[in-house]
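Treat the numbers as computed from the prediction; the structure is a model and nothing was measured.
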Amino acid sequence: MISDKFMIDHSTLEKNLDRVENMASCYGFAGKELLQIRLLAEETISVISPTLELSEAWIKMSTDDNSFSFTVDCDAGNDALDEKTKATLMKIGGASEQKGVFGLIGKIFDFLTVPGADYSAVADHSLISSYALGGQGLYGYYFAPELIDVLPEEKKDDVKSDAPDDKTANMEINIVEGFADDIQVKLLSHRGDRRLAITVKKDFSKGQIEGIEIA
Amino acid sequence: MIIKNTVDNGDSVKIELTGRLDTVTAPELQEVLIPLFDKAKTVDLDFTDLVYLSSAGLRVLLMGEKTAKAKSATMTINNVSGEIMEVFKMTGFDNVLKIK
């Protein structure tokens with residue numbers, strides 16, 4: 001398994017997307033799938049882009065025999081949430097009405113901006129013990145999409161529309177969920193600071209070259 | 001450069017795009033496309049050499065479509081590759097934009 005990690009921000013977006021694409025290319029992705037990986041990276045970064053106002057985000061890429069994946073790791077605020085941070089995170093929370101994984105992300109950010117919210121009550125605890133045993137005070141929560149129902153939310157009027165403006169609100173989400181083969185969402189908390197990690201995976205199709213080594 | 005060539009016949013303008021229409025290049029297209037509708041009645045975008053389209057590009061195309069409608073003009077997208085057509089379908093834009 002080969003991996004690479006680097007920092008992203010608004011000004012270096014194209015260079016970082018080139019890096020993702022180059023690594024995927026080294027592992028045999030080409031043509032349409034290569035462009036899809038670049039597109040997945042661009043749209044995922046676009047979803048979390050408000051957090052770049054808070055601090056740096058990171059992309060970590062890895063590959064195994066069957067798939068290529070990248071994880072976008074971004075700031076999710078902290079327990080002492082100031083108004084500016086809250087306002088920034090609520091920009092992502094605006095997606096909470098959407099379905100699927102990115103609706104989940106929006107709901108998580110909605111939840112995080114509520115003072116004193118205890119997300120441990122609604123997360124899958126399977127990761128917590130492994131992190132705690134590491135002795136570093138790092139706690140992780142894995143949000144499976146099926147847990148979304150237990151998160152508190154206000155009832156909102158159903159608004160159904162095919163108007164073009166509604167489509168722009170869903171674009172990044174629809175593209176990532178349409179092209180990705182798997183998406184996972186994790187929230188990590190360390191001494192009151194929180195980070196959100198979104199992992200997007202693309203499976204190798206038949207005919208791709210395996211076992212290429214990078215010096 | 002996202003724009004490979006522009007043919008301006010007054011009422012009718014054709015723009016040939018090349019490469020990627022993404023966060024980096026979308027502003028360039030927006031700068032050229034939107035003002036065209038002040039005079040042109042027909043704007044044709046040729047996607048023959050366009051290989052990549054992201055949400056940033058979709059926003060500009062939507063802006064173009066809305067501007068065209070507001071000015072009683074028409075914007076048409078031609079020669080779309082299979083990959084880009086997938087993006088249009090996935091986002092529902094195949095029902096919003098005029099694609100040939």
Seminar exercise, completed: Looking only at heavy atoms, the pair that brings A:E43 and B:S55 closest together is OE1-OG, 2.5 Å
Exercise. With only heavy atoms counted, which part of B:L97 is less than 4.5 Å from chain A, the side chain, the backbone, both or neither?
Worked result: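 Neither part.
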Tell me if the [atom1] atom of [X] is crowded by more than 12 foreign heavy atoms within 6.0 Å.
X	atom1	result
B:E31	CD	no
B:K98	NZ	yes
A:K201	NZ	no
B:K41	NZ	yes

Exercise. In this structure, which one of A:Q36, A:E21, A:R38 forms a side chain to side chain contact (heavy atoms under 4.5 Å, CB included) with B:Y52?
Worked result: A:R38
Going from [atom1] on [X] to [atom2] on [Y], what distance comes out if it is rounded to the nearest 0.5 angstrom?
X	Y	atom1	atom2	value
B:T23	A:I45	OG1	CD1	9.0 Å
B:S81	A:L35	OG	CG	8.5 Å
B:S54	A:L40	OG	CG	12.0 Å

Exercise. Side chains of B:D22 and A:L39: closer than 4.5 Å at any heavy-atom pair?
Worked result: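 No. Closest side-chain heavy atoms not under 4.5 Å.
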Exercise. Side chains of A:L13 and B:V24: closer than 4.5 Å at any heavy-atom pair?
Worked result: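 A side-chain contact under 4.5 Å is absent here.
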For this session: Inspect the contact between A:E42 and B:R20 and indicate whether a charged nitrogen and a carboxylate oxygen are less than 4.0 angstrom apart.
Result: no
For this session: Test side-chain contact (heavy atoms from CB on, under 4.5 Å) on B:M90 and A:E177 and set out the steps.
Result: CA-CA 9 Å; B:M90 205 160 281; A:E177 294 194 343; over 6 Å; no
